[in-house]
**Student:** 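Below: one structure in structure tokens.
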2 protein chains.
Amino acid sequence: MKNYLNTSLPEQFQPLLDHIGRFVDLDMSEKELLLGRLSFKKVKKKEYPLSEGQICNYNYFVVKGCLRVYLITNSGLEQITQFGIENWWITDFDSFENQTSSAFFIQAVEESEVIAIDKNALENLYNEVPKVERYFRIILQKNFVAAQRRILWIHTISSEQRYRNFVEQFPAFVQRVPQYMLASYLGITLEFLSKIRAKKNL
Amino acid sequence: MKNYLNTSLPEQFQPLLDHIGRFVDLDMSEKELLLGRLSFKKVKKKEYPLSEGQICNYNYFVVKGCLRVYLITNSGLEQITQFGIENWWITDFDSFENQTSSAFFIQAVEESEVIAIDKNALENLYNEVPKVERYFRIILQKNFVAAQRRILWIHTISSEQRYRNFVEQFPAFVQRVPQYMLASYLGITLEFLSKIRAKKNL
DNA sequence: CAAAAAAATTAATCTAGTTTAAGAAATACT
DNA sequence: AGTATTTCTTAAACTAGATTAATTTTTTTG
């Protein structure tokens, strides 16, 4: 075992340890096991951690920056399904879990830093440190609740209101990504978003 | 410990054991621990295992029948967010996990049988039998993937196509629930669904 | 099995959001 | 700094799906 692990933990993984610490308590030996299986990566703007057709072998924890998940529809348009900013996990869980080829692209919207864990490493970790599996069970629960809420909103409030809610909930976000990506994520056209914005800023 | 546990397991819980068995292997003592914390319930048509304003203390595994999850919108309309049929878990995970009051109703669409597990029992079970937590981690992963796919479909295909896809994927289902519930779940009006159906049955 | 209640159909009118197209602003590149 | 590329805006014509309202069909219940 490398000596530094006994004294201090590599600081680049600290944001993830902090995030995990919100949900479960890992002791030092568990943290060491975890860190041994992580890798830290810088992703340049417009780079693709995942492209359509590949098997998604990694789950990415966003330390800094912003990633998006999207696919190209039959009609050739980009449809964004998720954004990942600080403290979010981003992957194609379907491809990741079942090792099937993905329909999605994961791309850095801006200069980003991520912590990546590959499928096998995570699988092993689940056995070695059950608390990690608990952590992901909780994260997935939250993801599921959020996705369900999104469906509910799509069905019950107008596109205009959904945009205004989004701006209210993630004001910083709206500055960071191009409007056309926001429109795609919200499921409306850029032109209609533009019309909404012209009306009045709130 | 009750004697029957050493010889045979109560058959009413078998469908759940079968389902769990698809994802993890429980040994006999783990199964006993699990069964000790479950309860079996019959739910009459139109009965409400959960009503708006209550804390959702149970997660329900549907053994037989069909439940729906819905809420009443500001404009007083029912919006269905989920159906649960055989082998599906149904709950308001937000309320269940955070013990907050729910915005939803869970109602039996037809005469149903469910296996219920309450929040504390499940919490304990996670500690006693980590494989149960793995099982739910996997279920939640699938739920999340399905919810994301639903969002993608809403954004990329027409209501008409979504209805046709649904009919193709769950043909039995379409016979079982009233059309107005299907319309609500798909996020369209009953009138429009009627128009689609009149066109031609595929 | 008749009456009431619940579910489904049809059609006319209306509207939130799309499409198409052209130009203006902002950003990146050499 | 100037040109090319990417992003955003505006406006007119159009459409998928909502709304309203009246009627029919099916299911439930006494």
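A, B, ... follow the sequence lines: proteins, then strands. Residue 1 opens every chain.
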**Student:** Flag the pair Phe83(A) / Phe173(A) as yes when their ring centroid distance falls below 6.0 Å, and as no otherwise.
**Tutor:** yes
**Student:** Nearest whole Å is fine: how far is dA16(D) P from Ile188(B) CD1?
**Tutor:** 14 Å
**Student:** Can you list, by residue number, the residues of residues 147-159 of chain A that have a non-hydrogen atom closer than 4.0 angstrom to DNA chain D?
**Tutor:** none
**Student:** So with a 6.0 Å cut-off around NZ of Lys119(A), is the heavy-atom count from everything else above 12?
**Tutor:** yes
**Student:** Please work out which of the three classes, parallel, tilted or perpendicular, describes the rings of Tyr135(B) and His19(B), given edges at 30° and 60°.
**Tutor:** perpendicular
**Student:** What's the CD-C1' distance between Gln161(B) and dT15(D), to the nearest Å?
**Tutor:** 17 Å
**Student:** I need the OH-C1' distance between Tyr180(A) and dT6(D), as an integer number of Å.
**Tutor:** 8 Å
**Student:** Do Lys41(A) and Tyr60(A) meet the cation-pi criteria used here (NZ or CZ under 6.0 Å from the six-membered ring centre, within 45° of the axis)?
**Tutor:** no
**Student:** Tell me the interatomic distance from Leu190(B), atom CG, to dA18(D), atom C1', rounded to whole angstroms.
**Tutor:** 12 Å
**Student:** Looking only at side-chain N and O atoms, does Asn120(A) offer a donor or acceptor that is under 3.5 Å from a partner on Arg37(A)?
**Tutor:** no
**Student:** Do Asn165(B) and Gln169(B) meet the criterion of a side-chain donor-acceptor pair at a distance under 3.5 Å?
**Tutor:** no
**Student:** Would you please indicate yes or no on a ring centroid separation below 6.0 angstrom for Trp88(B) and Phe61(B)?
**Tutor:** no
**Student:** Is a donor from one side chain sitting under 3.5 angstrom from an acceptor on the other, for Gln107(B) and Tyr48(B)?
**Tutor:** yes
**Student:** Write down the distance between CD (Gln79(B)) and C1' (dA18(D)), rounded to a whole number of angstrom.
**Tutor:** 14 Å
**Student:** Under 6.0 Å from the six-membered ring centre of Phe192(B) and within 45° of its axis: does the NZ or CZ of Arg197(B) meet both?
**Tutor:** no
**Student:** Select one nucleotide: of dT18(C), dA8(C), dT10(D), the one nearest the side-chain heavy atoms of Lys195(A).
**Tutor:** dT18(C)
**Student:** Quickly work out the Lys199(B) NZ to dT10(C) P distance and round it to whole Å.
**Tutor:** 14 Å
**Student:** dA8(C) P sits how many Å from Met181(B) CE, rounded?
**Tutor:** 9 Å
**Student:** Measure the acute angle between the ring planes of Phe40(B) and Phe13(B), then classify it against the limits of 30° and 60° as parallel, tilted or perpendicular.
**Tutor:** perpendicular
**Student:** Inspect the surroundings of CG in Asn74(B) and state if more than 12 heavy atoms from other residues, nucleotides or ligands are less than 6.0 Å away.
**Tutor:** no
**Student:** Output, in order, the C-alpha distance, side-chain angles, deciding distance and verdict of ring-ring contact (aromatic ring centres under 6.0 Å, His included) for Tyr70(A) and Tyr185(A).
**Tutor:** CA-CA 9 Å; Tyr70(A) 70 93; Tyr185(A) 175 80; over 10 Å; no
**Student:** Across the strands shown, which category fits Leu193(B) at heavy-atom distances under 4.0 angstrom: base, sugar-phosphate, nothing?
**Tutor:** nothing
**Student:** Counting only non-hydrogen atoms, which of residues 169-178 of chain A are less than 4.0 Å from DNA chain D?
**Tutor:** Pro178(A)
**Student:** Produce a footprint string for nucleotides 21-30 of chain D: one letter per nucleotide, 5' end first; B if the base is under 4.0 Å from any protein heavy atom, S if only the sugar-phosphate is, - if neither.
**Tutor:** B------S--
**Student:** Identify, between Lys46(A) and Leu77(B), the residue whose nearest nucleotide on DNA chain D lies closer to the 5' end.
**Tutor:** Lys46(A)
**Student:** Between P on dT10(C) and CZ on Arg197(B), what's the gap in Å once rounded to a whole number?
**Tutor:** 10 Å
**Student:** Students often get this wrong, so: under 4.0 angstrom with heavy atoms, is Phe192(A) touching a base, only sugar-phosphate, or nothing?
**Tutor:** base
**Student:** Are OP1 or OP2 of dT18(C) and a side-chain N or O of Thr189(A) less than 4.0 angstrom apart?
**Tutor:** yes
